[in-house]
Each structure stands twice: as C-alpha cells, then as structure tokens.
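One structure below.
What you see below is based on every heavy atom in this structure, not just the backbone, and it leaves out hydrogens, waters and symmetry mates. Count residues from 1 along the sequence.
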Amino acid sequence: MAAYVIVEVEVTDPNLMATYRTMVGPTLDQFGGKFLVRGGQTSVLEGDWRPERVVVLEFESVERAKQWHDSEVYREPKRLRHEAGRTKMIVVEGV
C-alpha cells in the first residue's frame, strides 16, 4: 500500500535549506520515493493552518518511507534540514 510523508517546514536558514534541497533528491531515488508536492503555493480552505512550506513524498509503503528516513544516506541531509528550519513530519498509509 502506498504511503505519503507529509512535511510542514518553517525555514530559518534559506541558504542551508537550499543545500538540503540539492541533497535530498538522490536519497529519495534510492528508496523509490518521489516528490508530489514541493513547496507550492498554499490556500487555506478551512481552519487556521498557515504553513510556510508543505512537502508531500510518495513511497511504495510505510516501511519503505521509514527505511529512507532512518537511512545512512539521509543522515546528513536530515541534519542539515534540522539546522535550516523547523519541521513537522508524518507518514500516512494511502488507500
């Protein structure tokens, strides 16, 4: 079953986040992940959620998404992301 990693990002260091963006793609490729949403324009439909940046990734399964997140190849990019901003991240099963 497909799985989706949904990330809300608040960028505090744009230069460092730009470096992260160049590094993350190849790590996704190794685990069959792909970007579905990568920081496009958002519009509030309901409630008061106003994220600065939203990213949605697709993987073949929750297990594969977790393998990517915990992998050695993603370790350094993840560290940069943590330094470059604040994130909230979940993985959810698709239908």
Side-chain angles (χ1 to χ4, degrees):
M1 178 178 300
Y4 301 91
V5 173
I6 303 168
V7 190
E8 178 182 348
V9 183
E10 179 186 345
V11 177
T12 58
D13 185 332
N15 292 329
L16 200 53
M17 190 62 77
T19 301
Y20 166 79
R21 286 187 201 114
T22 65
M23 297 173 69
V24 68
T27 71
L28 290 170
D29 293 342
Q30 293 181 44
F31 291 86
K34 66 179 180 180
F35 287 103
L36 297 181
V37 174
R38 195 172 190 187
Q41 183 72 27
T42 61
S43 298
V44 176
L45 298 177
E46 294 185 18
D48 60 0
W49 186 30
R50 289 176 175 44
E52 178 181 319
R53 182 175 177 82
V54 174
V55 176
V56 179
L57 308 170
E58 181 180 50
F59 289 87
E60 66 185 38
S61 66
V62 168
E63 293 75 24
R64 201 66 171 146
K66 289 179 178 180
Q67 289 170 355
W68 162 76
H69 183 264
D70 297 337
S71 70
E72 184 64 31
V73 296
Y74 187 55
R75 181 187 296 192
E76 180 62 13
K78 182 172 26 176
R79 183 191 67 74
L80 287 178
R81 179 175 51 80
H82 289 164
E83 287 185 30
R86 289 181 282 283
T87 57
K88 296 177 184 176
M89 182 183 295
I90 62 169
V91 61
V92 60
E93 288 182 340
V95 292

Under a 4.5 Å side-chain heavy-atom rule over Ile, Leu, Val, Met, Phe, Trp and Tyr, are [X] and [Y] clustered together?
X   : Y   : answer
L57 : V54 : no
V7  : V62 : yes
V9  : Y4  : no
F31 : L36 : no
V37 : M17 : no

One should read off an interatomic distance between K78 NZ and D70 CG, to the nearest 0.5 angstrom, of 5.5 Å
How many angstroms lie between CD in E72 and CD in Q30, if you round to the nearest 0.5 Å? 11.0 Å
If I compare all heavy atoms of [X] with all of [Y], which pair ends up nearest, and what's the gap?
X   : Y   : value
A2  : E58 : CB-OE2, 4.3 Å
P26 : T22 : CD-O, 4.0 Å
A3  : V91 : CB-CG2, 4.1 Å
P77 : V73 : CD-O, 3.5 Å
V55 : G39 : CG2-N, 4.4 Å

Do [X] and [Y] make a side-chain contact, defined as non-hydrogen atoms from C-beta onward lying under 4.5 Å apart?
X   : Y   : answer
R81 : M89 : yes
F59 : Q67 : no
Y74 : V24 : yes
K88 : E10 : no

Under the criterion side chain to side chain contact (heavy atoms under 4.5 Å, CB included), I'd like the reasoning laid out for W49 against T42: C-alpha separation, chi angles, the key distance, then a yes or no. CA-CA 10 Å; W49 186 30; T42 61; over 6 Å; no
Near R75 CZ, under 6.0 Å, is it more than 12 heavy atoms from other residues, nucleotides or ligands? no
Which residues share a salt bridge (Lys or Arg N to Asp or Glu O under 4.0 Å) with E83, sequence neighbours left out: R79
I'd like to know if the side chain of E93 reaches the main chain of M1, judged simply by a donor and an acceptor atom lying under 3.5 Å from each other, with no hydrogens or angles considered. no
With distance as the sole test, does T87 use its side chain to make a donor-acceptor pair with the main-chain N or O of E8 at under 3.5 Å? no
